[in-house]
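These notes concern the structure reproduced below.
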Amino acid sequence: MGRGFRIQDSGFRGVLLVFLVLGIVSLPLSADAQSAQITRSEDTAERAIGKIRSPYCPGLMLEVCPSPEAEALRDSIRDLAGEGMAEAEIVEWMIGRHGEEWRAIPKRSGRGMFAWLLPPLFLVVGAGLLVVRLRRDRKGVLERPAGPVADEITDAERARLDTALSEWEIEEEAEV
Amino acid sequence: VTQIGEVALWIALVLSIWGAGAAFLGGRSRRGDLVLSAERSVIGVFVMLIVASGAVIAAFLMNEYRYQYVAGYSNRDLSVFYKVSGLWAGQTGSLVFWALLLALFATITVVQNRTRNREFMPYVAGTLLVVLAFFLVVIVSVSNPFTQLPFTPADGRGLNPQLQNYWMTIHPPTLYLGFTAFTVPFAFAVSALLSGRLDTRWITTTRRWTLVAWFFLTNGIIFGMMWAYVELGWGGYWFWDPVENASLLPWLTGTAFLHSVMIQEKRGMLKMWNVLLILGTFLLCIFATFLTRSGLIESVHSFAQNLQIAWIFLGFMSVLTLACAYLVWMRRDQLQPESQVESFLSREAMFLGNNLLFIGAMFAILWGTMFPLISEGLLGQKISVGPPFFNRVNIPIGLGLLALMGVGPVIAWRRASPRNLRRNFTVPVVAGLLAGAVLWFAGVRHVQVLLTFIIGAFTMATVVVEFQKGTRARAAIEGEGIARAFGSLIQKNRRRYGGYIVHAGLVIMFMGFAGAAYDVEKQVTLTPGESTVITSPFGHEYRLTYQDMSWYTATNMTKIVASLRVERNERAAGLLTAEYRWYRQRQETATEVGIRRAWNEDLYLIMAGIDDADGVVRGTNPRPAATFRVLVNPLVPWIWAGGFIMALGTLIAMWPTAAVEIVRRKEAAPPRLEVSPDREMVEVGA
């Protein structure tokens, strides 16, 4: 136990380096969090622009499309936001002018709902199947006498085991 | 020379069809002469494809514009570098290049297995030759690089400006290497299904091939990100473009496969799952080619489209899918697991969770990519799915994977006890919480950034602790110094510790992705002498002063270059240039960004417009006003650093061990006869 703690303590020392780097990176990020002084209308405009695909650049979002027409459209959106239009209204104005296909984020209602529904459904059903399967497997295993618990070895034993396993793997690879 | 190339393509086609037939017939009837002929056909196809590819390159170098392909992708002013890469610049050449790489890997497989895996080889060679034959049929029938124009133009159309970038010369070949290398494990899986040898042998045989394919595919994707970052000129590296997505799909299933095979090797589980994963990975490689070539979905990769070829690929993919499904169904009894998962808290369960998330991400990306088509076809309305959708769906999955990357490799097999959990996860959990606390007190409130750094620190800590424990234990047992113990730790178990290094690289990459939440951008029009200031999210200021504009004529373009002096916190920090290019032959414009790289951020400059470009070239207005987009992209260098570390880890994991080399040298004795006098196949080396 004592040996285990020693190792963990030095593990702490090992990860301290990671933190040092994290700290250096993260501390100044706060400057951004506090210094971002974007007015509400500009913010609204940028959020709306971030939800529209560019009719002038194939496959690109309006926010990054370099064409002059896209720049003009961005300016129009900023003007609308300056006039007090809400983000959703701006997006609908744009879709009304150019068509539904330029909406970058499908609606969460109507036909667009299908886009959002299936990926989580896939994961939920997959996780459900996995849990059912694991429970079934576990039930079968619990009915059998319990085997030895895998981690009841010391670090030294573990290192020997690793070496033996790696040698075995090398031989196995060589056979192949 | 070029006529020889066309003849070589036809010979390769005939050889591949003959070889495929001979391989399957030889495997079924156990006739060694037929199998030997098939294996020689593989080598023959490779030689013929070298000749054909050489001829295509020769046509580019000799400016043979009578050929439609050369005229479409080259011109006299194009540099030799880009003329050579003309082989994969367009669809026609890309298919030849695909076939060449596949033939190369097929030849290596055949040569490697002269005396090994003889029970697999007839079907392996047959499967590889079927895929080669498919590509060759497409090449000679609908996408022949030697198709001639009715006249010979004086010059070619030139190469797409976006492709005239060094990353573009290495990104497609690396990606193709990944796609084609996955054909080898696929062929072994098909062979295992056909021969009924469904134990772990096909997996251990293809272990290194899978790593090789994964290595190239990973690097191909990263090179593509680098290309997008420096060439597309919008400041980003990944845009969830359909073609980008298509390359990510096989990567996700391939990565899931790399993890799940470990469970089959150690516990005899997931046999069917592994077969399905590798079959699916190869089919997704074909799907990626289909999507890239079809142009069915709007993409920034719109320079390579041919609907006819797309449908041929779709047909091939459908036939392969049906054939694979049939084979799996026929062997379903042999694909049952030998043992069961005993606990939710076990490595097996964590790997299953990891597989679920990989496949979940693959499905989400596939669904999002195809949704515009599906909605148009089934719902009667084209509904677009842009990057925000993919980000929202995939970020939670990515964070889950990041967490499992820390848990999976260190939790116990079969069943983890409370002691095991305490022992392995106390330090990482504390590390994660500490990271969160540091960021919180530093003022970071972006939830996704916080989660990425907390989970990333947790996972990184598991890697650090594993290395630290292993090194100390080894130093104590073997009496080695720490540095030597560290080195031999990796050397003695390259697969395991190489994997940890890959994980560490991925953590750094994820942190780099998180930096995008703090991107800063500014657009400004300046006249010479004027300045603009942009504040980095790290607190310091950059002042950019528009100094000068110049122009000059390069080999196939005219460049207008704006120079801006950069000061960081009022201290001189060099010069940044951004270019506006006019490609004369193609009558197209492009921009070239300027990037000032630091260890933690990029200062990124785009010349969005020039008030009077003509005036610059004519000399009437040599220094006009220009519009610049200036961005500060925090942590982007971490993405590339993470990619480099991942590549290093993969190389370590797949590097042949010394022991294997010794055995191979012993095996290097003259090959024994493979065909017996009565023409029966002899299982040499079995």
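These numbers were taken from a predicted model, which means no experiment stands behind them. We name chains A, B, ... by the order of the sequence lines, and we start the count at 1 in each one.
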Subject >> Working for side-chain contact (heavy atoms from CB on, under 4.5 Å), residues B:I374 and A:F114 >> reply: CA-CA 10 Å; B:I374 294 169; A:F114 289 102; over 6 Å; no
Subject >> A:R103 portion near chain B, given a 4.5 angstrom heavy-atom threshold >> reply: backbone
Original post:
Is it the side chain or the backbone of B:E348 that comes within 4.5 Å of chain A heavy atoms, both, or neither?
Top reply: neither
**OP:** Check A:I105 against B:R392 and note the closest heavy-atom contact, atom names and distance.
**Re:** CD1-NH2, 3.7 Å
**OP:** Identify which of A:E63, A:K51, A:E100 forms the greatest number of heavy-atom pairs closer than 4.5 Å to chain B.
**Re:** A:E100
Subject >> Heavy-atom proximity to chain A below 4.5 Å, by part of B:F363 >> reply: side chain
Subject >> Per-residue contact mode, B:I383 against chain A (heavy atom under 4.5 angstrom) >> reply: side chain
Original post:
Quick one: CG on B:L366 to CZ on A:F122, what's the gap to the nearest 0.5 Å?
Top reply: 9.5 Å
Subject >> Gap between atom CG of A:L130 and atom CZ of B:F344 - 0.5 Å precision >> reply: 8.0 Å
Subject >> Proximal component of A:K107, with respect to chain B [non-hydrogen, under 4.5 Å] >> reply: neither
Subject >> Under 4.5 Å from any heavy atom of chain A - which part of B:F458 >> reply: neither
Original post:
Of the backbone (N, CA, C, O) and the side chain (C-beta and beyond), which part of B:E601 lies under 4.5 Å from a heavy atom of chain A, both, or neither?
Top reply: neither
**OP:** Examine B:F389 together with A:W116 and report whether their ring centres are nearer than 6.0 Å.
**Re:** yes
**OP:** Against chain B, label A:L123 side chain, backbone, both or neither, depending on which of its atoms sit under 4.5 Å from a heavy atom there.
**Re:** both
Original post:
Yes or no on side-chain contact (heavy atoms from CB on, under 4.5 Å) for B:F239 and A:M61, after CA distance, side-chain angles and deciding distance?
Top reply: CA-CA 9 Å; B:F239 211 65; A:M61 293 288 286; 3.0 Å; yes
Original post:
Looking only at heavy atoms, what is the nearest atom pair of A:A115 and B:W367, with distance?
Top reply: O-NE1, 3.2 Å
Subject >> Proximity breakdown for A:E71 and chain B, heavy-atom pairs closer than 4.5 Å >> reply: side chain
Original post:
Between CG of A:L60 and CG of B:D241, what distance do you get to the nearest 0.5 Å?
Top reply: 8.0 Å
Original post:
With only heavy atoms counted, which part of B:I397 is less than 4.5 Å from chain A, the side chain, the backbone, both or neither?
Top reply: side chain
**OP:** Could you tell me which portion of B:P337 (side chain, backbone, both or neither) has an atom closer than 4.5 angstrom to a non-hydrogen atom of chain A?
**Re:** side chain
Subject >> B:W234 (side chain) donor-acceptor with A:C65 (main chain) under 3.5 angstrom >> reply: no
Original post:
Which bit of B:V385 comes within less than 4.5 Å of chain A, counting heavy atoms only: side chain, backbone, both or neither?
Top reply: both
Original post:
How long is the span from the CD1 atom in A:I52 to the OG atom in B:S384, to the nearest 0.5 Å?
Top reply: 12.0 Å
